[in-house]
Amino acid sequence: MDKEYNPKIIEDNVQEFWELNKSFSTSLNSDRKDNFYCLSMFPYPSGKLHIGHVRNYTIGDVISRAMRMTGKTVFQPMGWDSFGLPAENAAIQNKVHPEVWTRKNIEHMKNQLMKLGFSYDWEYEITTSDSKYYRWEQWFFLKLLDKDLVYRKKSEVNWDPIDKTVLANEQVIDGKGWRSGAEIERKEIPQWFLKISNYADELLRDLENLKQWPSSVLTMQRNWIGKSEGAIVQFQICDSDMTLDVYTTRVDTIFGVAFLAISPSHPFLKSRDDLSMEVLEFIDRCSSIKVSEETIGQIEKEGVKTDFEAVNPVSGEKVKVWLANYVLSDYGTGCVMSVPAHDERDFEFATKYNIPFKKVIKSNHSSDQNAYTGEGILINSGQYNSKKSSDARDDIIHFLQTKKLGKKKINFRLRDWGISRQRYWGCPIPVFYHLDGTMFPVPEADLPVELPNDINLNVDGNPLDSHPTWKYIKCPYTGKDAIRETDTFDTFFESSWYYLRFLSSNNSERIFDDNVDAWLPVDQYIGGVEHAILHLLYARFFHKLMRDFDLLSSSEPFTSLLSQGMVLKDGSKMSKSKGNTVDPDDIINKYGADTLRVFIMFAAPPDNNLEWSDTAIEGSYKFLKRLWSFAYQIKNAESTDEIDDERFRQINTKINKSIEKVTNDMFVRKNFNTAIATIMELLNELTKYADYNKRDNKLCFIALETILKILSPFAPHITQEIWWKCFDDRILMDERWPKSDKDALIEDIKEIVVQVNGKLRGRIQVDTGSDEAEVNRKVHEDEKLKKYLSNDIKKIIFIRDKIINYVI
RNA sequence: GCCCGGGUGGCGGAAUUGGUAGACGCAAGGGACUUAAAAUCCCUCGAGAGCAAUCUCGUGCCGGUUCGACUCCGGCCCUGGGCACCA
């Protein structure tokens, strides 16, 4: 054994062994009982691994390795979410084909993952841009089409009028196209949608079964789905037979309606040819607002009054119809009844345009500076006066129902999922059209519909649409001329089911092997908190769809979720544009993978954001060096003749307490930072003991064995190497996780905290389990503590083995 | 704007169920070893007062509950993430 710790040599050596030994390969045919499917969110192959990936994948690998040591058969695969926008951008900027660029990135990043020593079973690697993967996506889409779970409708996109292309939200900067700088326009185009709304109720309900998900994620999903109970109310347009439907959850405030506010893209406006210039101008102005709820929420509320009036179906009052830019076109009916006294947004709008309004709910707050949005007793509401909000709602809905002017309605905020993208680098949607526009599915036998390799990306609009030949086909059913769909799937489509395909990656005959149910749901899923809503909701949705097609039998994809915080540098997200990225390769070259793994897990608990520091990592490196020299020292030493029994007992207790703590941190709390701190503490203690002239070297070996085992998930290379040097030639990851010796944990003396009025005044040593009287007696014997207790003691609060508090 | 987090020494963090605030580590300062440096090891390290024992203050801010609050409740400030075409 060398005296010096040399991570480079050790890591190469251990990694070579793992590869030759096929240490990470998993047989997927084993029984359900002992299976453990551990999955980290697969990356988009953007070029290089960043520290955020390292953090995500270290957490996954630590859990995988630790679970394996408890006797589980662990499956931990890895793959590439390789369709997406950056490949097309890179292609345009650097004139590289997206596929070439993607392949190169994958090769580099895979190499980086290998150097980090992650225990992936690469046999099951998935690349989503490979037709071996996406053909099954197309296959599944055809099933959805067959069951009417997909449909086409017109919907708005951000349109760049110069580049003649659809822009993603992130490509719109300050309302302008990122490349052309042109003011964007909202444009309606036909798009494909998936009926996620059919599953809204189930997606909401099943959140209750996800006991091992962070409650913040559950809340976010619940709010996103946004189930609300309200009513649809019909307002008749005066001097017309047209009506405007309103959705409201506060029908009890209907007497307070000051105006109707409709979205500038409401269909009602398209049906009228008598709109004023002002209105037309306003509609035009709104059409340059980006299609994003964030933007709509932040813009200054503006509107314009129309000449239309509508009749309040309950009060009979006439109110003006306004266009308002804060009304969402695709939530509810795209038209709201505005009650400024009891809604913040309406209040702001009414104040701005001096629209008079009245209060209809009694409230204690006298301020006229804002709206009262709570419930209460009705006023100014005719026959409904002095009713409670909830009763009034029932009565008013009943009234509307009998008049056929409204009804109860359960509404969801969740909208159907638009899956069409007008881009090249995505999975082709497997349908085609006859020249008359009739749509047909591509026959299953003709799958996959592959992307053409020769593509010119420097064209207006969707490159597939401009391809000279690709879209022109003969209809396989009739032989007539036909045109392929040139839209491709949203890349969330691929990431919604990759965790399923991992279990059958190499099956070219079927989407899934028979073994899927033996491995599902995924036992542990780990990924960035930024995916808390969209990706996780879509994956849950796909799982339920797959279940309903009898492809699997569980209802939820991920039993336990760990949503990890982001890695920040200088307080913000690392990005190339800010020039604050950290290349893991540099760290590995300087300190080795083990140091990086230990540091990233030590620096913060997994769900915190992590502030990267170039210097703090030194501490982890020093720790591994100390571990190496401890092993070196005891290997070359022997027990002394005379052993200090008291010291032996202390060290033995420390070892067992450490096992206890690390086991809990690792498997229950998943707070890896404190697990590592505990191991550091133990090593510090042992280093002192190893220098002690009455030490038992055998105990040092027992301690070393323990440390190697409990540290191995974090630092798998150094621990394996020391194991080989100091113990035997077995594989450390196949050893069993240590169990603490309960007898060694028992302490016969406890330190009790003595407080007076809750303030710390001292500590005393007592026998474990001493009762109040005994402790009280000892406190009174203590010279220092006695003086605090001269006054009358009103009360004593005593907690065995912990504190005694005197209230005086 | 709406939804979900977070705020503790110079810094990252610990305190697991309301019971010792600052474990572990970084940085800094001092020392040992060395011709010197690196590496390593030892000591100090929340603020203030005091020769000292010790005392007072201290977990973003204001208020509340409690014998006792980083922890629970109400209000506010700052900050990170998401907002449906970044992934």
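Hydrogens, waters and symmetry mates are skipped; everything else that's a heavy atom, side chains included, is used. Keep in mind the model is a prediction, meaning the values are calculated, not measured. In what follows, chains carry the letters A, B, and so on, assigned in the order in which the sequence lines appear, proteins first and then strands, with residues in each chain numbered from 1.
Rounded to an integer number of Å, the gap from A:L627 CG to B:rG25 P is 14 Å. The NE2-P distance, from A:H535 to B:rA87, rounds to 13 Å in whole Å. Note: CD1 (A:I296) to P (B:rC83) measures 14 Å, nearest angstrom. For the pair A:K750 NZ and B:rU20 P, the interatomic distance rounds to 14 Å; values are reported in whole Å. Whole-Å rounding puts the A:E294 CD to B:rC85 C1' distance at 14 Å. Here B:rA84 presents its C1' atom at 9 Å from CG of A:D490, a figure rounded to the nearest Å. Counting to the nearest Å, the C1' atom of B:rU8 and the CG atom of A:N608 are 12 Å from each other. The separation between A:N664 atom CG and B:rA14 atom P is 15 Å, rounded to whole Å.
Taking the six-membered ring for Trp and the full ring otherwise, the centers of A:F492 and A:W497 sit at least 6.0 Å from each other. For A:F493 and A:Y538, the ring centers sit 6.0 Å or farther from each other.
Nucleic acid contact class of A:Q422 (heavy atoms, under 4.0 Å, all strands): base. Looking at heavy-atom distances under 4.0 Å, A:F602 makes contact with a base. A:I617 comes within 4.0 angstrom of no nucleic acid atom, judged by non-hydrogen atoms across all strands. At a threshold of 4.0 angstrom between heavy atoms, the contacts of A:K784 are confined to the sugar-phosphate backbone, with no base atom among them. No engagement by A:R800 is indicated, since no non-hydrogen atom pair under 4.0 Å with the nucleic acid exists. As judged by a 4.0 angstrom heavy-atom cut-off over every strand, A:R626 is placed among residues touching the sugar-phosphate backbone only. At a threshold of 4.0 angstrom between heavy atoms, the contacts of A:S420 include nucleobase atoms, whether or not backbone atoms are also involved. Residue contacts shown for A:E88 are absent, as no nucleic acid heavy atom lies under 4.0 Å away. Using a 4.0 Å heavy-atom criterion, one finds that A:P43 contacts no nucleic acid atom at all. At the heavy-atom level, A:H531 lies under 4.0 Å from base atoms of the strands shown. In this structure, A:V166 reaches the bases: a heavy-atom distance under 4.0 Å links it to at least one base atom across the strands shown. Counting any heavy atom pair closer than 4.0 Å across all strands shown, A:D607 reaches no nucleic acid atom. Residue-level contact check: A:W417 touches neither bases nor backbone, having no heavy atom under 4.0 Å from any strand. Base contact: A:V157 has a heavy atom under 4.0 Å from a base atom.
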**Q.** Secondary structure of RNA chain B in dot-bracket form (Watson-Crick or G-U wobble, distances below 3.5 Å, | marking inter-strand pairs)
**A.** (((((((..(((......[....))).(((((.......))))).((((....))))..(((((..]....))))))))))))....
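Taking atom C1' in both B:rU59 and B:rU8, the straight-line distance is 4 Å, to the nearest Å. For B:rU40 and B:rG25, the P atoms lie 13 Å apart once the distance is rounded to whole Å. Taking the P atom of each, B:rA15 and B:rA52 are spaced 34 Å apart, rounded to whole Å.
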Could you go through residues 213-220 of chain A and list every donor-acceptor pair under 3.5 Å that involves a side-chain atom there, pairing it with any protein atom two or more places apart or in another chain?
{"from": "A:W213", "atom 1": "NE1", "to": "A:F558", "atom 2": "O", "distance (Å)": "2.8"}
{"from": "A:T219", "atom 1": "OG1", "to": "A:S215", "atom 2": "O", "distance (Å)": "2.8"}

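Both A:L760 and A:V217 lie near RNA chain B, and the one whose nearest nucleotide falls closer to the 5' end is A:V217. Nearest-nucleotide mapping onto RNA chain B: of A:A604 and A:G297, the residue sitting toward the 5' end is A:G297.
The A:R669 side chain lies nearest to B:rA15 when the options are B:rC4, B:rA15, B:rA84. Listed nucleotides B:rU20, B:rC26, B:rA84 differ in distance to A:T615; the shortest reach to its side chain belongs to B:rC26. You'll find that the side chain of A:M680 is closest to B:rG25, out of B:rA84, B:rG25, B:rC4. Here B:rG19 is the nucleotide among B:rC4, B:rA39, B:rG19 with the atom lying nearest to any side-chain atom of A:K802. Side-chain proximity of A:E530 to B:rC4, B:rC24, B:rG82: nearest is B:rG82. Comparing B:rG12, B:rC3, B:rC26 by their closest approach to the side chain of A:E611 singles out B:rG12.
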Q: Let me have a per-nucleotide readout for nucleotides 63-75 of chain B, 5' to 3', with B, S or -, counting only protein heavy atoms under 4.0 Å.
A: ----BS-------
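In this entry the base of B:rG50 is anti relative to its sugar, with a glycosidic angle more than 90° from 0.
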Q.
Quick one, A:N325 with A:I296, criterion side-chain contact (heavy atoms from CB on, under 4.5 Å). Give me CA distance, side-chain angles, the key distance, then yes/no.
A. CA-CA 7 Å; A:N325 61 2; A:I296 292 168; over 6 Å; no
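Side-chain to base pairing of A:Q171 with B:rC85: no donor and acceptor N or O lie closer than 3.5 Å to each other.
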